[in-house]
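Computed from heavy atoms alone, side chains included, the values below leave out hydrogens, waters and symmetry copies. Below, chains carry the letters A, B, ... as their sequence lines are ordered, and counting in each starts from 1.
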Number of protein chains: 2
Amino acid sequence: MVKAGISLKGTQVETLKKTRVSTQPGARRRKTFDDKRQFILNTALSVFSQFGFHGTTMEQIASSADISKTNLFYYFKSKEALYLTILENILNDWLAPIAGFDEVDEPKTALENYIRLKLELSRDQPEASRLFCLEIIQGAPILKNYLKGELKNIIDEKSKVIERWISQEKIKPIDPVQLIFFIWSTTQHYADFNVQIKAITGKDLSNKKFFEETCSAIQRLIIDGLC
Amino acid sequence: MVKAGISLKGTQVETLKKTRVSTQPGARRRKTFDDKRQFILNTALSVFSQFGFHGTTMEQIASSADISKTNLFYYFKSKEALYLTILENILNDWLAPIAGFDEVDEPKTALENYIRLKLELSRDQPEASRLFCLEIIQGAPILKNYLKGELKNIIDEKSKVIERWISQEKIKPIDPVQLIFFIWSTTQHYADFNVQIKAITGKDLSNKKFFEETCSAIQRLIIDGLC
DNA sequence: GTCTATATATAGATAGAC
DNA sequence: GTCTATCTATATATAGAC
């Protein structure tokens, strides 16, 4: 599992200011500070996820968050620090869905649940998905160590679950890693290529009917192909 | 089908210099000009596809192509013109695989062929795939009209082929557009998320064995689920 | 905590010699 | 067709008043 305070390749991103508890002196001031900081993070994620790191200016983020550029630098000491904090924050959400993969015993249920969770993530956090995608496309300059370390470990672990299903003849033989890639690609596609999907179908995952149709189409393809 | 000279939303990208034929006076000079231009385009694609439009500098492209920045501006009058020319060029390759979709009569063969062609594209033109992905993620500022027009038309056309298969009970019922999205997402994933795949498996599509395993895994999942 | 300058660097693009 | 020098705009970041 990923620790709460995952740190990206030794980069110092100050997290000190988050830890203070609300019963201590200065709590109220701290709270507004943190609230505003969090608001900026959300706004910045939205901008970064569309234009990328270099395509985004601090002025753009500031004006989206309705503050001055100078003021933005008061909350985050540099553009890079802001970007790193965002990446750090979304990484945990990113990994959450796969966690519950081994507790469930029946492959059909486990796969159905996982597919649905991933698709919900594409629906509810499309910007995080796109930022992650941008980072990977650019060669994962920041997340490379994470991919080779933490992520690889989780995949190795979950692969064993799938292999157990195969040896118990609960599902047909398939490379477990390929199966995971298959689920990732089909579900994330609806966030990352949202514009293309909307251009062709006129809908996206925010449409409830479209979400359910997509979910069961992916579930059916994978499960009918495997069980 | 896409015409050879597709033009992106009215933007003037000079194509005049390409047309001259080699039997005319000045042919040799023209040829070296075009060769060098083409070399720059290939180099620039490589850089743009990694760092995006804003993340790439003309200096970077120039030095990758072993020419001076000033010289680069002699071949392309602006960064934008260079970028547009590249997008224009890759779009045709991008659409080619789906063209042969209706001639073949059996769904199993047609789907197998299409999946293989798309995966070959991810193997042979990963940079084009990533540039396309970057463009879409950023809201397709340049390709939006193309997506809603040309691409949508092709998808509508191919959807009818799939629907005919369904009504003839050659495959199980499925939303044709969703089926196409599944093929796109699974195959393009191996280009766009190449770094992640390499981090986890240690391999990529340039590995012949890995390519074949991936190809048949995707083919099997989709076809076993449908036929 | 927010503002008005301002420092500093770098990127796109052009002029003009050769 | 390639080079040196340079213009111009914009982006990150800081200093210091309030």
Side-chain angles (χ1 to χ4, degrees), chain A residues 11-14 16-18 20 25-41 43-44 47-48 50-87 138 141-142, chain B residues 11-14 16-18 20 25-41 43-44 47-48 50-87 138 141-142:
Chain A
T11 322
Q12 259 87 36
V13 180
E14 329 121 79
L16 310 165
K17 291 170 180 170
K18 291 177 190 165
R20 221 142 157 201
R28 177 160 295 131
R29 184 183 298 157
R30 179 63 48 212
K31 187 169 184 312
T32 58
F33 179 91
D34 287 348
D35 283 354
K36 195 150 188 180
R37 219 180 122 98
Q38 191 54 51
F39 180 72
I40 293 171
L41 284 170
T43 309
V47 186
F48 276 133
Q50 182 172 2
F51 302 106
F53 180 78
H54 293 284
T56 300
T57 70
M58 291 297 263
E59 175 58 46
Q60 230 179 319
I61 295 171
S63 104
S64 295
D66 259 309
I67 56 173
S68 70
K69 192 173 66 164
T70 331
N71 200 211
L72 175 56
F73 276 102
Y74 170 76
Y75 285 92
F76 294 90
K77 75 166 197 285
S78 71
K79 186 182 180 184
E80 204 174 331
L82 172 55
Y83 184 77
L84 283 171
T85 308
I86 293 171
L87 258 190
Q138 295 179 21
I142 298 166
Chain B
T11 322
Q12 259 86 37
V13 182
E14 329 122 79
L16 309 165
K17 290 172 181 170
K18 291 178 190 165
R20 220 143 158 200
R28 178 162 294 131
R29 184 182 300 156
R30 179 63 49 211
K31 186 167 184 316
T32 57
F33 179 92
D34 287 347
D35 283 355
K36 194 149 189 181
R37 220 180 122 97
Q38 191 54 52
F39 179 73
I40 292 170
L41 284 170
T43 309
V47 186
F48 275 132
Q50 182 172 3
F51 302 106
F53 180 78
H54 293 284
T56 301
T57 69
M58 291 298 263
E59 175 59 46
Q60 230 180 320
I61 296 172
S63 104
S64 295
D66 258 309
I67 57 175
S68 69
K69 191 172 70 162
T70 331
N71 200 211
L72 175 56
F73 275 101
Y74 170 76
Y75 285 93
F76 294 91
K77 74 165 195 288
S78 72
K79 187 184 181 183
E80 204 174 330
L82 172 56
Y83 185 76
L84 283 169
T85 308
I86 293 170
L87 258 191
Q138 295 178 19
I142 297 166

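Protein atom CG of A:Asp66 is 16 Å distant from nucleotide atom C1' of C:dC3, rounded to whole Å. At whole-Å resolution of the value, CZ in A:Phe73 and P in C:dG1 are 18 Å apart. Rounded to an integer number of Å, the gap from B:Asn71 CG to D:dC3 P is 6 Å. Distance CG (A:Leu72) to C1' (C:dG1): 13 Å, rounded to an integer number of Å. Put simply, CD on A:Glu80 is 12 Å from C1' on D:dT12, counting in whole angstrom units. To the nearest angstrom, C1' of D:dA13 lies 20 Å from OH of A:Tyr83. If you take CZ of B:Phe76 and C1' of C:dT14, they are 18 Å apart, rounded to a whole angstrom. Look at CE on B:Met58: it is 20 Å from P on D:dT8, rounded to the nearest Å.
When every heavy atom of A:Lys36 is checked against every heavy atom of A:Ile67, the shortest pair comes out as CE-CG2, 3.8 Å. A:Leu72 and A:Ala62 get closest at one heavy-atom pair: CD2-N, 3.8 Å. Here the shortest heavy-atom pairing between A:Thr43 and A:Ala65 reads CG2-N, 3.7 Å. Residues A:Arg37 and A:Tyr75 approach most closely at NH1-O, 3.1 Å, considering heavy atoms.
Backbone-only engagement by A:Thr56 is indicated by non-hydrogen atom pairs under 4.0 Å involving sugar-phosphate atoms exclusively.
For A:Tyr74 and C:dC3, the shortest distance from a side-chain N or O to OP1 or OP2 is not below 4.0 Å.
Distance from the side chain of A:Tyr75 is smallest for C:dT2 among the nucleotides C:dT2, C:dA11, C:dA13.
Closest-nucleotide positions on DNA chain D for B:Thr32 and B:Thr70 were compared, and the one nearer the 5' end corresponds to B:Thr32.
Judged by distance alone, with hydrogens and angles left aside, B:Lys69 brings a side-chain donor or acceptor within reach of the base of C:dG12, the pair sitting under 3.5 Å.
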